[in-house]
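Worksheet: one structure, shown below.
The basis for the numbers below is simple: all heavy atoms, side chains too, and nothing from hydrogens, waters or symmetry mates. The chains referred to below are lettered A, B, ... by the order of the sequence lines, with proteins before strands, and numbering in each begins at 1.
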4 protein chains.
Amino acid sequence: MRHDYEPRERHARKGKRIYDPIHGFIELDAGEVALLSAPVVQRLRRLRQLGLAYLAFPSAEHSRFSHALGALAIGTRAFDALRDHSPEAFDSAAAFDEQRALLRASLLLHDLGHGPFSHACEAVLGVRHELRTEAILALPELREPLGALDVDPNAVLGLITGAPGADPVLRELVSGPNLDADRMDYLLRDAYFTGVAGGTYDAAQLIASLRILEVDGRPQLGVDGRGVVALESFVLARYMMFATVYFHHTTRAFERVLRDVLQRLWPDPRRLDDVAEFLAWDDFRVIDDIRELDGEDVRALRERRTLYGLAAEFNADRDLLTFGLCEDALRARWGNGVWSDSQEQLLHRLPLGTAGAAPTVRVQLMGRVVDARSASDLIAKLSGKAFWRKLFVRTDVASVDEARAICADIIATGGQPRLFEV
Amino acid sequence: MRHDYEPRERHARKGKRIYDPIHGFIELDAGEVALLSAPVVQRLRRLRQLGLAYLAFPSAEHSRFSHALGALAIGTRAFDALRDHSPEAFDSAAAFDEQRALLRASLLLHDLGHGPFSHACEAVLGVRHELRTEAILALPELREPLGALDVDPNAVLGLITGAPGADPVLRELVSGPNLDADRMDYLLRDAYFTGVAGGTYDAAQLIASLRILEVDGRPQLGVDGRGVVALESFVLARYMMFATVYFHHTTRAFERVLRDVLQRLWPDPRRLDDVAEFLAWDDFRVIDDIRELDGEDVRALRERRTLYGLAAEFNADRDLLTFGLCEDALRARWGNGVWSDSQEQLLHRLPLGTAGAAPTVRVQLMGRVVDARSASDLIAKLSGKAFWRKLFVRTDVASVDEARAICADIIATGGQPRLFEV
Amino acid sequence: MRHDYEPRERHARKGKRIYDPIHGFIELDAGEVALLSAPVVQRLRRLRQLGLAYLAFPSAEHSRFSHALGALAIGTRAFDALRDHSPEAFDSAAAFDEQRALLRASLLLHDLGHGPFSHACEAVLGVRHELRTEAILALPELREPLGALDVDPNAVLGLITGAPGADPVLRELVSGPNLDADRMDYLLRDAYFTGVAGGTYDAAQLIASLRILEVDGRPQLGVDGRGVVALESFVLARYMMFATVYFHHTTRAFERVLRDVLQRLWPDPRRLDDVAEFLAWDDFRVIDDIRELDGEDVRALRERRTLYGLAAEFNADRDLLTFGLCEDALRARWGNGVWSDSQEQLLHRLPLGTAGAAPTVRVQLMGRVVDARSASDLIAKLSGKAFWRKLFVRTDVASVDEARAICADIIATGGQPRLFEV
Amino acid sequence: MRHDYEPRERHARKGKRIYDPIHGFIELDAGEVALLSAPVVQRLRRLRQLGLAYLAFPSAEHSRFSHALGALAIGTRAFDALRDHSPEAFDSAAAFDEQRALLRASLLLHDLGHGPFSHACEAVLGVRHELRTEAILALPELREPLGALDVDPNAVLGLITGAPGADPVLRELVSGPNLDADRMDYLLRDAYFTGVAGGTYDAAQLIASLRILEVDGRPQLGVDGRGVVALESFVLARYMMFATVYFHHTTRAFERVLRDVLQRLWPDPRRLDDVAEFLAWDDFRVIDDIRELDGEDVRALRERRTLYGLAAEFNADRDLLTFGLCEDALRARWGNGVWSDSQEQLLHRLPLGTAGAAPTVRVQLMGRVVDARSASDLIAKLSGKAFWRKLFVRTDVASVDEARAICADIIATGGQPRLFEV
């Protein structure tokens, strides 16, 4: 129902207008269309935004391509709102336009360094986004359209990787830990495509509340005091989507399986250090190429067969002891047939700062700038370190029912309830 | 996207099918249509679900009539889900049908005891729902259609007022503090009609997770372990709607004004103890009749003029001291020109149990029944007593700007941030 | 700082940001807030957008107030899109800003001339929008805020009444027969609040396709060729909402009843020619004041009792003969107990031009400007005169069942099917 | 306990509850879960519902798998509605349950015979759904779970292929030309995932209006007279989705390209007559395997480069002559570099009967059963043969601008407007 109100001040004749179910029409000018047409950007169509989550949520088949467009759209709305509400932060219309073009290009390109099924891929190849993104941005197919847009590839790289010298407001919007357009889009998008209500937050009010605040003499993205409730809804959306979708046991179990399969598919992972080779891989190719491999794990992925069964879940610090006892008991019984998962592997999806000391969102209250945890009792309660744990057993060597019984026994004895029924 | 959830097993030729934006078609059988046609039920069209909130959210003009239909609709869905998931709790199809008819009638009638602009009306007349509902249910216009439905008016009264002898599952669904269909509908409905995103929760999963649990040998409504995330979303929706809509300072300020006006409009409030007189009043009549009265407060209500300006807001227990200092300072300056509001007047709208000792939702985990606060770290964090406070000053005797400056000074000195910018 | 969370008159330096479920936040500047605060504008809160339709669609209780804000919102989006896509039509940024301010004020005020339950009221008082709007715009409470906005009340009047001298583009947006913001909003809004899917059209694409075309040397609002499908969806939305909501037999029947009641309530309708007296009336007052009157018709309105029962419906020119035969037969049997309704009383709600000769939407195709009926086979088929007819009988003097049997007989004999089952 | 949160094959005693953004939770019983787990059903995850349409609508990446679940869901709702509203058509509860199980299995399996990118695949391989579906249903992986459900594979085949002996009501729901659950789902789903508003129709009212009518002594699926407006909205949704999505020039152009590529990828198409070989192909494999081929067409598909540019579009019978003149002129200039597309290749997507003689929907009006075209003036106007044509030129041999100029000239001379600006 919400619309992309974006004015097309600099509408070029050969621009495009693209349907998007989340933000309405997304408009690109001619130079941006050229960027969008680069093969490395079109490759994002073959990378799914939620990896294997479609095995738990059948309609979660949306790609990083539509997400990249969405991040551009909502990031632009946020930036235009800053112009209206924090005009003093911009020296001139020309400076604003220049930053806006840089922001849009950076959001469109922010996911280029992802390999197939990002998490499993990183587990096998190592996390090398920064190097990869740098190499990809150096490709002629990007340098040329970026040049035509007067956008510096190094500035794009700085925003995507969060380089210290980058403009702090743009950096926060592209790759910040809290108020980034990446997250603003993917929460809405993932909620829409999974059919889970949880990710919906008050985007209109959040964006209308963004301000450029001065903290220690430097500009920083923050929120006006009237937007605290919208900020709360944003933090809660992150929590709910994490609990419902991102850390869903089915998705996690299949990502574990995929990790094993990728190790067989890529016996020499270093070959993918080569950018051309890396870019030749995508979700489609992995799913298709593994047909040639044998094994239960391949069938599990292509035919959705359960290979890791959930034995127990925990989500509070008071559960840590019980969790340890359960894991020990399962390992004593089935050794390597046990897999222990925790949210650390997905930290970027969790709400505001898991460590108490991390800087959080700044809020402007009566002329003072305070931490969001001071401004909101709810955010204070939700902040702090998370303790999400899951225990799985391999169904080919262990009995899931027996594993559950073992855990249930320990939990009942210890008086420590687990979060979810399994 | 909308569903026709209602099975029409006992579809009568003269039943009705009513459009509803929240639940899709709502179907009533012929006997229920007769009940719906009673003048006391039609009167609900002239009582707004959110009272004066339309002065803050212009489109929040929906009536208790559409809410009553919605509560019937979602309550029926919940009850049908219980039949599917807890069939052992029903002795026979006939017993189920009988309870279902009672439930539907009770939900349709649960708001009959409300006067115009419920809260302000109660402040002037006193809370007499129980007596009023009893008297209204005794009217021939209800006794007759209830009789035709084989529904006992006393059973309806018991469910609405939460009489101890009533069936505990039906009572929870009609008037319980947590899992009632009243709340299930109004959160969705109020979110829809205000345009505030906050009230949306995962209704489909919550309903699919409802179970009849046995607690201390008695059946009780609860939630299956797999529904904990849905329950969390429900609790959060209550929190968000309270923060955004129900305790909105504009609404509260106008309800304060209305209280004064009603005292002038009803110099002898006891006259309304008479049921016929009571039923002759509704929101429309109040808004129209006050045209005859003079005064700034009347103009405030009819023309939306601010009479109570917000000076400061607080929402955590650590703010209580600062709140007290601010209130004292304002009262020292303007005496009765100060109004101090707190959430106690709206307790029923707040999330799960504000007092730590209150019973909360029961959750079934691995065969055991536990408190929702044990099953969910999030619910544990959100539970406990609430400390929402607002300070207003009358604009005809005080300066809002000065009042804010006074409070800001105290807050800055005390190092105690307030929640919202004003 | 330009934007504000919630209307507060006493701080009118600040603008406002108002929640709306259809368009998201609607932002007003300080001057517009002053205009919104005028009592004659606030009165729109007591006029329902769909009159008595809530008796057929219980949640259709939205007011002309939220519609006026919505028309302002969508009209502004349309006008901003014109600046982007037809920049050559604006001499300067200052000229654009001036027209935009005039447009927004006119849309906010376009419904001020409506009386309670517009249609029934007009039937009793006569249609005097033009005179009334002129008198209302002359009131000091409007002249002052309009003056502060540098908006000429006569220009507003010209746009609302469609005066020949007015700017043709602005006139079309305010009061045109096809591409007006009034209709753009009310279709979406009425669909949202009734829960009927039909009114949804592709607003984003329609707005993005608007152009200022040159026709016979004069600028005129039209649609770019790429927008023909969106225009079709807009025309169809009008058709569907007319069929489902605006010409719904229940609403029509109650409007007929109200007409009789108003004649008794206002024995001297000329008294309402006085603007102050006219403005003292609204839906709330009518519904409340008629309590004092006796009669079945009053009970019908307040308690939703059927007084006119539907005997038959027709909707094509080939049905005209049958319709006439049915009407004659019913009148022969019950005389004045028969009411024959036709869409002429609602003409402004019907799709593109009911008379073949009427000018329709202009579409730009390959540099030529053509009629929408040439550009779209669908629009061509839907255009032309409409022939909607309904026959009712009074339930206190006639038998609806017998009336239906009479009509069914004629229809079966004549081989002419009617549109709807009754 | 019958319902389960998420599919887990190894616990197949339990049913499943699957998130779907269109229909909410979709519940399957244990036997249906086993059917869903068959590799040939899981393969539907690798076939996109809209083929290459994602190149025009980036988020249209949904699979036939989620559509199959959705068809099952909405078909079940339709069938349950028939039990409520046409109970006389069912001999017993057991007969109803048996038919319901057959219907659900058939809807889940109705798309198994599709190859990669259905339309282009059919153009290369020929349309062999019937034979392929028969062979696939004979596979042990389906026969076993169907057997466990007591569902006869031949009955399923009969419903999918529309065999004359099949139950006419079930056949209409599975593979009928008008009121099939296939279409009921895909209109809503395609609208949701493309972001195009057009496909939304009043599903709740359509379903509530379905009836089993007796026509010439045989039961037939039809619509109650009260549902004519909902039927109109359904017909219009088909029209709008056809115009906006299914016949979109970008999708059509890429399907044309794919056809050429597939001919090179499958030099011996007869190899795919073997079911095992056929099933080894899916969208993922095609997109991945063509990396090995050279050519502009491959780059066009993987990198979204335009190879066929649109020269002109037409949509009415009065345009046929102009269309022929344009095609001749283009062919005279560029020979085989011209591609002429028409809707015949997509006939199944077009509204009610393109040939006047085709049977359409039956409507029950006052005890008589009539053709929908008699009951609705709108449906009458929309029925009849369609005349949609598009002319493309290959961008590697022709100039799109020149082609458009040629057509524009002919159109202007002939006075025949085309539908869309290009």
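When heavy atoms are compared at a cutoff of 4.5 Å, A/Ser63 approaches chain D by way of both its backbone and its side chain. The contact between A/Phe65 and chain D is made entirely by side chain atoms (from C-beta outward), counting heavy-atom distances below 4.5 Å. Looking at A/Thr194, the atoms closer than 4.5 Å to chain D (heavy atoms on both sides) all sit in the backbone: N, CA, C or O. Using a 4.5 Å cut-off between heavy atoms, A/Val196 touches chain D through backbone and side chain atoms alike. Heavy atoms of D/Leu69 lying under 4.5 Å from chain A belong exclusively to its side chain. At a 4.5 Å heavy-atom cutoff, the contact between A/Arg45 and chain D is made by backbone and side-chain atoms alike. Heavy atoms closer than 4.5 Å to chain A are found in the side chain of D/Thr244, but not in its backbone.
Taking a cutoff of 4.0 Å between a charged side-chain nitrogen and a carboxylate oxygen, A/Arg64 and A/Asp111 qualify as a salt bridge.
A/Lys390 places a side-chain N or O within donor-acceptor distance of the main-chain N or O of A/Phe247, the cut-off being under 3.5 Å. Side chain of A/Arg285 to main chain of A/Ala280: a donor-acceptor pair is present (N/O by atom type, distance under 3.5 Å, no hydrogens or angles). Side chain of D/Ser37 to backbone of D/Val33: a donor-acceptor contact under 3.5 angstrom is found.
Ranked by non-hydrogen atom pairs under 4.5 Å with chain A, the options D/Gly70, D/Ala197, D/Ala60, D/Pro58 are led by D/Pro58. The candidate from D/Arg189, D/Arg46, D/Arg43, D/His67 with the greatest count of non-hydrogen atom pairs under 4.5 Å with chain A is D/Arg46. Ranked by heavy-atom pairs under 4.5 Å with chain A, the first of D/Asp282, D/Val41, D/Val40, D/Leu55 is D/Leu55.
By the side chain to side chain donor-acceptor pair (under 3.5 Å) test, D/Asp288 is found to be paired with D/Arg291, residues two or more places apart in sequence or in another chain being considered.
Between D/Phe193 and D/His62, the ring planes are parallel. Angles under 30° get that label, and only those over 60° would be called perpendicular.
Atoms CG and CD1, from A/Leu187 and A/Ile22 in turn, are 11.0 Å apart once rounded to the nearest 0.5 Å.
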